Undergrad: 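The structure under discussion is supplied below as structure tokens; questions concerning it will follow.
Keep in mind that this is a model prediction, so the values were computed, not measured. By convention here, the first residue in the shown sequence is residue 1.
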Amino acid sequence: INADRFPRIEVPYKSAGTLTSGFRQLNALFASKTFLVHPRCTNFIKACERWNGDKRSGLKDILDAARYGMETCLSGRTRLSATVTTRQTR
């Protein structure tokens with residue numbers, strides 16, 4: 001396997017409040033219909049519907065994966081940015 005073909009896995013940025021702010025950001029994207037979930041993503045949908053805030057729950061791990069991916073896509077790094085820049089298409 002050619003390791004140069006795969007993106008580098010980064011450690012997510014974690015500090016006080018990032019869990020709450022990350023889930024708030026995801027919730028805002030859901031509400032604005034910017035972040036859409038395919039109906040076949042049943043485990044993710046279940047996690048969104050059933051997670052009760054328990055940090056030890058396995059459902060949180062599923063949501064964390066989406067949160068880290070969202071943070072990376074929106075800010076270009078794992079830390080959330082105060083502003084989000086969208087790329088314009090021609």
Side-chain angles (χ1 to χ4, degrees):
I1 297 177
N2 184 352
D4 294 334
R5 293 181 48 201
F6 298 98
R8 183 174 174 262
I9 297 173
E10 295 185 22
V11 176
Y13 178 78
K14 294 182 181 184
S15 70
T18 57
L19 175 71
T20 303
S21 67
F23 287 138
R24 283 186 181 159
Q25 182 76 19
L26 265 180
N27 197 26
L29 292 173
F30 285 138
S32 69
K33 299 196 184 322
T34 305
F35 188 90
L36 303 175
V37 179
H38 195 279
R40 289 189 299 194
C41 299
T42 56
N43 288 334
F44 180 71
I45 293 167
K46 285 178 192 174
C48 289
E49 294 172 342
R50 297 179 183 171
W51 186 59
N52 63 2
D54 182 1
K55 293 180 181 181
R56 295 168 291 157
S57 170
L59 297 174
K60 180 186 160 293
D61 296 337
I62 296 169
L63 297 172
D64 277 342
R67 182 170 62 97
Y68 298 151
M70 176 268 312
E71 290 173 358
T72 300
C73 290
L74 291 179
S75 65
R77 57 187 198 274
T78 55
R79 184 176 181 181
L80 279 178
S81 167
T83 59
V84 177
T85 305
T86 58
R87 189 168 67 181
Q88 296 178 349
T89 57
R90 292 181 183 209

Undergrad: Cys41 and Val37: which non-hydrogen atoms are nearest, and at how many Å?
TA: CB-CG1, 3.8 Å
Undergrad: Quick check for you: to the nearest 0.5 Å, what is the distance between Leu59 atom CG and Asn52 atom CG?
TA: 8.0 Å
Undergrad: Between Phe30 and Phe35, how do the two ring planes meet: parallel, tilted or perpendicular, split at 30° and 60°?
TA: perpendicular
Undergrad: What heavy-atom pair brings Lys55 and Lys60 nearest, and what distance separates the two atoms?
TA: O-CD, 3.4 Å
Undergrad: For the atom pair CG (Leu26) and CG (Asp64), what is the distance rounded to the nearest 0.5 Å?
TA: 9.5 Å
Undergrad: So how far is it from Asp61 CG to Arg67 CZ, rounded to the nearest 0.5 Å?
TA: 10.5 Å
Undergrad: Mind checking the CD1-CZ spacing from Ile45 to Arg40? Nearest 0.5 Å is all I need.
TA: 11.5 Å
Undergrad: Which heavy atom of Met70 sits nearest a heavy atom of Leu29, and at what distance?
TA: CG-CD1, 3.4 Å
Undergrad: Nearest heavy-atom pair of Leu63 and Cys48: which atoms, and what distance?
TA: CD2-SG, 3.7 Å
